[in-house]
Structure formats: C-alpha cells, structure tokens
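This report refers to the structure that appears directly beneath it.
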Amino acid sequence: MAANELSMLLWRERELLEMLLFKLEEEQLLLTAGKSRWITFATREVEQVLDKLRVAGLGRAVEVAAVADEWEAPEDATLRELISHAPGGPWGDIFSDHLRAMTELTEEIGQLRNANEQYLRAAMRATQETIAGLNVETGVYTSHGDSSRDDSARIIDTEL
C-alpha cells in the first residue's frame, strides 16, 4: 500500500529534519564558543543533511502521487490535501501527526538558522574591525586599479 510507504518516507524525512536541527545547534555552539576553526566542517555537515533532505523530498513526491492516485486526490496534492482525501481509518491521523511534527521542526530550524546567521555576521564584523584596527595593507585593489600593498611587497612578487 502506497500510504504505508509514504509514512515510512515521512518518518525518514522527520529524522533528517531532526539531524539538521542538531547540526545547526552544533554550529551555533561553535559560533558562541568562538571556535570558528571548525565552522567549515559544521557547515559541510549541514549541507550534507540538506542534500539528503532534497533526495528524500523527491522520494516523497513520488509516493504522494501514488497515494493521491489511490485516494482520488489531485496528482500534485500536498500532504495537507492528502489528509483531506484520506479514507476512513488511521491514515488521516497518521499523516496529520507527520505534518504537525515536520511543521514544528521546520519552524525551529528556521529560527536557529536565523540566529546562526546573526552570529556569523557578528563574527565577520568583528574580524573586519580587527583587521582594520591593525592598519595593515591587505593587498586589495584600489579604485585606480592598482594594489594598495606597499612597494616592497610588489618587489618580492616580481622577484618570485
């Protein structure tokens, strides 16, 4: 039965959403602890979970279409629409529980993502202020098209 397959896929997707939430919390702990050295690893892990979620979403779309066909719902039905077409029995409640849990997880993920973004912006500002306070030329091109580095740096570059 397609409904059973869809329910199993929704469980897997919920697990992936929980994993994403965990990885974002892990990233936030690193940011608040000032452990920026590990942020790239944490970000890569977040991206890996997102990739798995994309694949799971494709599988869900296939199963939703199969259930929609069985329940005489529109082929491109959303989970909410499937629930409204559910036959008598437990499926309406089961899918409602999945929808509620996934909605709550998605809201938590959005809040945590926004908080992490603020931490990252603050860290970037602090880094930029620190560099600016050092009065060190960064080798950035000026509006005249030349490098703002001093002549000794240009000499070293040409000798290499």
Side-chain angles (χ1 to χ4, degrees), residues 1-134 136 138-141 143:
M1 180 178 215
N4 191 44
E5 290 295 320
L6 177 57
S7 182
M8 289 185 343
L9 285 173
L10 292 171
W11 273 113
R12 175 69 179 134
E13 202 165 350
R14 285 170 66 174
E15 289 173 349
L16 288 170
L17 288 170
E18 288 175 346
M19 177 63 73
L20 179 58
L21 186 61
F22 168 73
K23 292 298 180 183
L24 287 169
E25 285 184 7
E26 190 176 59
E27 188 177 60
Q28 187 176 73
L29 289 171
L30 291 169
L31 287 166
T32 57
K35 302 290 185 179
S36 59
R37 172 183 181 185
W38 306 114
I39 293 300
T40 55
F41 293 107
T43 301
R44 185 177 318 134
E45 289 176 346
V46 166
E47 290 169 356
Q48 289 169 347
V49 176
L50 287 172
D51 287 341
K52 290 178 183 178
L53 273 166
R54 282 185 206 94
V55 171
L58 292 174
R60 178 174 32 94
V62 170
E63 288 303 321
V64 164
V67 173
D69 185 49
E70 281 184 22
W71 293 356
E72 299 177 5
E75 183 180 306
D76 60 346
T78 63
L79 188 53
R80 183 169 273 108
E81 291 170 332
L82 271 185
I83 293 166
S84 69
H85 284 84
W91 287 116
D93 291 337
I94 290 170
F95 290 141
S96 291
D97 288 344
H98 281 305
L99 180 60
R100 179 194 45 75
M102 292 171 73
T103 301
E104 289 172 3
L105 284 167
T106 302
E107 288 172 5
E108 280 185 82
I109 288 167
Q111 292 169 358
L112 196 51
R113 182 205 61 223
N114 292 342
N116 286 1
E117 185 178 323
Q118 293 301 318
Y119 284 122
L120 284 169
R121 286 183 185 186
M124 189 169 68
R125 261 191 318 273
T127 302
Q128 289 171 338
E129 289 170 3
T130 300
I131 290 172
L134 295 174
V136 174
T138 59
V140 176
Y141 284 100
S143 61

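Atom OG1 of Thr130 sits about 10.0 Å away from atom CD of Gln128, to the nearest 0.5 Å. Interatomic distance, CD of Glu70 versus NE2 of His85, reported as 14.0 Å (0.5 Å rounding). With rounding to the nearest 0.5 angstrom, the CG atom of Leu31 is 7.5 Å from the CD atom of Gln28. Within the model, atoms OG1 of Thr32 and CD of Glu25 stand 11.0 Å from one another, a figure rounded to the nearest 0.5 Å. Residue Leu6 holds its CG atom at 6.5 Å from CG of Leu79, rounded to the nearest 0.5 Å. Interatomic distance, Arg100 CZ to Ile83 CD1, rounded to the nearest 0.5 Å: 11.0 Å.
Ion pair Glu47/Arg44 not flagged as a salt bridge, since none of the NZ, NE, NH1 or NH2 atoms sits closer than 4.0 Å to an Asp/Glu carboxylate oxygen. Comment: Glu27 does not engage Lys23 in a salt bridge, judged by the lack of any side-chain N to carboxylate O separation of less than 4.0 angstrom. Residues Glu129 and Arg125 are not paired through a salt bridge, judged by the lack of any N-O separation under 4.0 Å between the basic side chain and the carboxylate.
Heavy-atom minimum distance, Ala77 versus Val64: O-CG1, 3.1 Å. Minimum interatomic distance between Thr78 and Glu81 (heavy atoms only, all atoms of both residues): N-OE1, 2.8 Å. In terms of heavy-atom proximity, Ala68 sits nearest to Pro74 at CB-O, 3.2 Å.
Counting heavy atoms from C-beta on, the side chains of Leu112 and Asn116 come closer than 4.5 Å. Put simply, the side chain of Met19 does not reach to within 4.5 Å of the side chain of Glu15, judged on heavy atoms.
Trp11 and His98 have perpendicular rings, their planes meeting at more than 60° on a 0 to 90° scale where under 30° would count as parallel.
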Return all side-chain donor-acceptor pairs below 3.5 angstrom for residues 48-60, not counting sequence neighbours, or 'none' if the list is empty.
| from | atom 1 | to | atom 2 | distance (Å) |
| --- | --- | --- | --- | --- |
| Asp51 | OD1 | Arg54 | NH1 | 2.5 |
| Arg60 | NE | Glu13 | OE1 | 2.6 |
| Arg60 | NE | Glu13 | OE2 | 3.3 |
| Arg60 | NH2 | Glu13 | OE2 | 2.9 |

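Side-chain atoms of Ser7 never come within 3.5 Å of backbone atoms of Ala3 as a donor-acceptor pair (strictly under, hydrogens ignored). Under a 3.5 Å cut-off, the side chain of Asn114 and the backbone N or O of Gly110 do form a donor-acceptor pair.
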